[in-house]
Amino acid sequence: MQHFEVVTVVAAPPDQVFAICLDVESHTRSMADSSERAVGGNTGGELALGDTVTFQARHLGLTWRLKARITSYDRPRCFVDEQESGPFKRWRHAHYFEPDGTGGTIMRDVIDFSSPLGPVGRIIDRFLLRRYMSHLIRVRNAYLAGTFD
């Protein structure tokens, strides 16, 4: 299992940052470089506890689909999305939002994932996907943070 965290400071209050992180259209715009789009489940608006969305995107030269469900929801402090079907053996993404004391938000993404394919998948995770996935989260967060400027 791979684990990584990304911390981003956003110049907006936690409730607003929480909402934009659950907005399907904002997510797909943040991933425009990979042609990401919502193709199933809740394909628009703000997701809530129990909602699912299926995203299709192009990564590493291949087209992938990932269906995720919101499995935990504590507005405006945290929510969790987990893969129900897709390319990973396991994918869990916890999003935490804390006031920064100046009207902004400290957003912390905690990701745990593993690929299928046993030992080969573990090698791919460690030497390729961990770096690639943390880069995607940073790109997404920079886009979302920029929407509040």
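Given the structure is predicted, the values throughout are model-derived calculations rather than measurements.
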Minimal non-hydrogen separation, Leu144 against Cys21, with atom names
CD1-SG, 3.9 Å
Got a donor-acceptor contact below 3.5 angstrom from the Asp23 side chain to the Ser26 backbone?
yes
For Thr52, enumerate each residue passing the side chain to side chain donor-acceptor pair (under 3.5 Å) test, keeping only those at least two apart in sequence or located in another chain.
none
Under 4.5 Å between side-chain heavy atoms, hopping through other hydrophobics if needed: is there a path connecting Tyr132 to Val120?
yes
Heavy-atom pair of closest approach, residues Gly104 and Pro14
O-CD, 4.0 Å
Cluster check Val53, Val80: I/L/V/M/F/W/Y, side chain < 4.5 angstrom:
no
To the nearest 0.5 Å, what is the distance between NE2 on His59 and CG on Asp33?
10.0 Å
Backbone N/O of Ser115 and side chain of Asp125: donor-acceptor pair under 3.5 Å:
yes
Answer whether the closest heavy-atom distance between the side chains of Ile111 and Met133 falls below 4.5 Å.
no
Cluster check Ile124, Trp91: I/L/V/M/F/W/Y, side chain < 4.5 angstrom
yes
CG of Leu129 to CG of Leu60: how many Å apart, nearest 0.5 Å?
6.5 Å
Decide yes or no for Val24 and Phe55: does some side-chain heavy atom of the first lie under 4.5 Å from some side-chain heavy atom of the second?
yes
Pairwise distance CD(Glu98) to CZ(Arg77) - rounded to 0.5 angstrom
11.0 Å
Hey, any chance Val110 and Ile137 share a hydrophobic cluster, counting ILVMFWY side chains that come within less than 4.5 Å of each other, even indirectly?
no
Distance (rounded to the nearest 0.5 Å) between Ile70 CD1 and Glu82 CD
9.5 Å
Donor-acceptor side-chain pairing of Arg58 and Ser34 below 3.5 angstrom:
no
Hey, does Thr147 have a side-chain heavy atom less than 4.5 Å from the side chain of Arg29?
no
Does the ring of Phe18 carry Arg75 above it, NZ/CZ under 6.0 angstrom from centre and within 45° of its axis?
no
Looking only at heavy atoms, which two atoms of Ala48 and Tyr73 are closest? And how far apart?
CA-CE1, 4.0 Å
With a 4.5 Å cut-off on side-chain heavy atoms, are Phe88 and Leu66 touching?
yes
If only atom types and distance count, is the side chain of Ser134 paired as donor or acceptor with the main-chain N or O of Arg131 below 3.5 Å?
yes
For the student: nearest non-hydrogen atoms of Thr28 and Ala38, plus distance:
CG2-N, 3.8 Å
Would you please test Gln83 and Arg90 for side chain to side chain contact (heavy atoms under 4.5 Å, CB included) and show each step?
CA-CA 7 Å; Gln83 176 188 282; Arg90 174 168 161 72; over 6 Å; no
Please check if Leu49 and Phe97 belong to a single hydrophobic cluster, counting links between Ile, Leu, Val, Met, Phe, Trp and Tyr side chain heavy atoms closer than 4.5 Å.
yes
With side chains defined as the heavy atoms from C-beta onward, is the minimum distance between Asp81 and His95 less than 4.5 Å?
yes
Contact check, side chains of Arg130 and Phe113, non-hydrogen atoms, under 4.5 Å:
yes
Are the side chain of Glu25 and the backbone N or O of Gly45 linked by a donor-acceptor pair below 3.5 Å?
yes
Result for side-chain contact (heavy atoms from CB on, under 4.5 Å) between Asn141 and one of Val9, Asp109, Leu136 points to Asp109
What's the separation between atom CZ in Arg92 and atom CE in Met1, rounded to the nearest 0.5 Å?
10.0 Å
Evaluation steps, side chain to side chain contact (heavy atoms under 4.5 Å, CB included), between Val139 and Met31
CA-CA 8 Å; Val139 167; Met31 295 283 99; 4.2 Å; yes
Taking all heavy atoms of Pro87 and all of Arg65, pick out the closest pair and write down the distance.
CD-O, 3.3 Å
Backbone of Ala12 reached by a side-chain donor or acceptor of Thr105 within 3.5 Å:
yes
So, taking the atom named CZ in Arg69 and the one named OG in Ser85, what distance separates them when rounded to the nearest 0.5 Å?
10.5 Å
Could you tell me whether the side chain of Phe79 reaches within less than 4.5 Å of the side chain of Leu47, counting heavy atoms only?
no
